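Written out below as structure tokens is the structure these notes cover.
Please read all numbers here as calculations on a predicted model, not as lab measurements. The chain is numbered in sequence order, starting from 1.
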Amino acid sequence: QVQLVESGGGLVQAGGSLRLSCAASGGTFRRYAMGWFRQAPGKEREFVSGITGGGENTHYSNSVKGRFTISRDNARNTVYLQMNSLKPEDTAVYYCAADIFGAGNDNVDAYEYWGQGTQVTVSS
């Protein structure tokens, strides 16, 4: 069983930056593709970004491409999401997820483990 804990959320002004972290335990971290998803009030959970186990491939939703960067440090069992040029529409609860031997793609149903989420609020 894998446990995931997100951190780094908070309140930031539009145009600012924030870095989210997701710490994993209970599994062999490098075997898991990792993904970031978000859910805003009244909306469905949506894919933000994903990365393969060795960091070879990354994926981004069109809405964040060019602004967000996903990375991982397998020695620290941690995946990161660097968020730049933040917009009010980025406001959501952000979730970290793990998919064993996955491709880091946008299929929410492929991810077996989920964190508790961290709130990101971007003010105008």
Side-chain angles (χ1 to χ4, degrees):
Q1 197 78 12
V2 172
Q3 296 82 47
L4 304 172
V5 179
E6 303 97 333
S7 62
L11 176 65
V12 64
Q13 290 188 303
S17 297
L18 209 58
R19 189 178 77 159
L20 305 183
S21 298
C22 174
S25 62
T28 303
F29 185 64
R30 64 181 177 272
R31 294 179 180 174
Y32 292 86
M34 301 296 295
W36 287 98
F37 295 77
R38 67 188 183 188
Q39 188 166 22
K43 294 186 176 181
E44 299 295 319
R45 188 169 298 188
E46 66 173 353
F47 173 79
V48 176
S49 186
I51 187 167
T52 51
E56 302 93 345
N57 297 302
T58 59
H59 302 274
Y60 298 92
S61 68
N62 290 333
S63 62
V64 308
K65 196 171 297 181
R67 299 188 297 121
F68 292 8
T69 303
I70 190 170
S71 62
R72 65 191 296 158
D73 186 343
N74 286 349
R76 293 177 169 82
N77 290 358
T78 304
V79 63
Y80 305 95
L81 185 67
Q82 178 67 47
M83 305 185 294
N84 298 326
S85 302
L86 282 162
K87 305 174 181 179
E89 50 263 47
D90 295 318
T91 295
V93 177
Y94 283 71
Y95 297 91
C96 177
D99 175 18
I100 191 163
F101 304 126
N105 59 27
D106 62 356
N107 182 9
V108 65
D109 295 323
Y111 292 83
E112 295 95 351
Y113 303 100
W114 295 82
Q116 82 291 342
T118 186
Q119 177 70 47
V120 171
T121 303
V122 184
S123 62
S124 300

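Between Thr91 and Glu89, the closest side-chain pair of non-hydrogen atoms is not below 4.5 Å. Side-chain contact between Val5 and Gln3: absent, with no pair of heavy atoms (C-beta onward) separated by less than 4.5 Å. Using a 4.5 Å heavy-atom cutoff, the side chains of Gln116 and Glu6 are in contact. Annotation: side chain of Tyr60 is in contact with side chain of Ile70 (closest heavy-atom distance under 4.5 Å). Taking the side chain as every heavy atom from C-beta outward, Ser17 and Met83 never approach each other to under 4.5 Å.
Taking a 6.0 Å sphere around CD of Glu44, one finds it holds 12 or fewer heavy atoms contributed by other residues, nucleotides or ligands. Other residues, nucleotides and ligands place more than 12 heavy atoms under 6.0 Å from the CZ atom of Arg45.
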Without placing hydrogens or testing angles, list every side-chain donor-acceptor pair under 3.5 Å for residues 92-102, not counting sequence neighbours.
| unit_1 | atom_1 | unit_2 | atom_2 | d |
| --- | --- | --- | --- | --- |
| Tyr94 | OH | Arg38 | NH1 | 2.9 |
| Tyr94 | OH | Asp90 | O | 2.7 |

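Transitive grouping of hydrophobic side chains (ILVMFWY, heavy atoms separated by less than 4.5 Å) brings Val79 and Tyr113 into a common cluster. One hydrophobic cluster, built from ILVMFWY side chains closer than 4.5 Å, cannot hold both Ile51 and Trp114; they sit in different ones.
The two residues Asn84 and Gln82 make their nearest non-hydrogen contact at OD1-NE2, 3.1 Å. Nearest heavy-atom pair across Ala103 and Ala33 is N-CB, 4.0 Å.
For the atom pair Ser61 OG and Arg67 CZ, the distance stands at 8.0 Å (nearest 0.5 Å). Distance CH2/Trp36 to CD/Glu46: 14.5 Å, rounded to 0.5 Å. Here the straight-line distance linking atom NZ of Lys65 with atom OG1 of Thr58 works out to 9.5 Å at 0.5 Å rounding. Atom CE in Met34 sits 4.0 Å away from atom SG in Cys22 (nearest 0.5 Å). Atom CG of Asp73 and atom OG of Ser21 lie 10.5 Å apart (nearest 0.5 Å). How far CG of Leu4 is from OH of Tyr111: 12.0 Å, rounded to the nearest 0.5 Å.
Taking the six-membered ring for Trp and thresholds of 30 and 60 degrees, Phe47 and Phe37 have ring planes more than 60 degrees apart, a perpendicular arrangement.
Side-chain atoms of Thr52 come within 3.5 Å of backbone N or O of Asn57 as a donor-acceptor pair.
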Could you walk me through whether Arg72 and Asn74 pass side-chain hydrogen bond (donor to acceptor under 3.5 Å, both in side chains), step by step? CA-CA 6 Å; Arg72 65 191 296 158; Asn74 286 349; 2.7 Å; yes
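Across Leu20, Leu18, Leu81, a single residue satisfies side-chain contact (heavy atoms from CB on, under 4.5 Å) together with Phe68, and that is Leu81.
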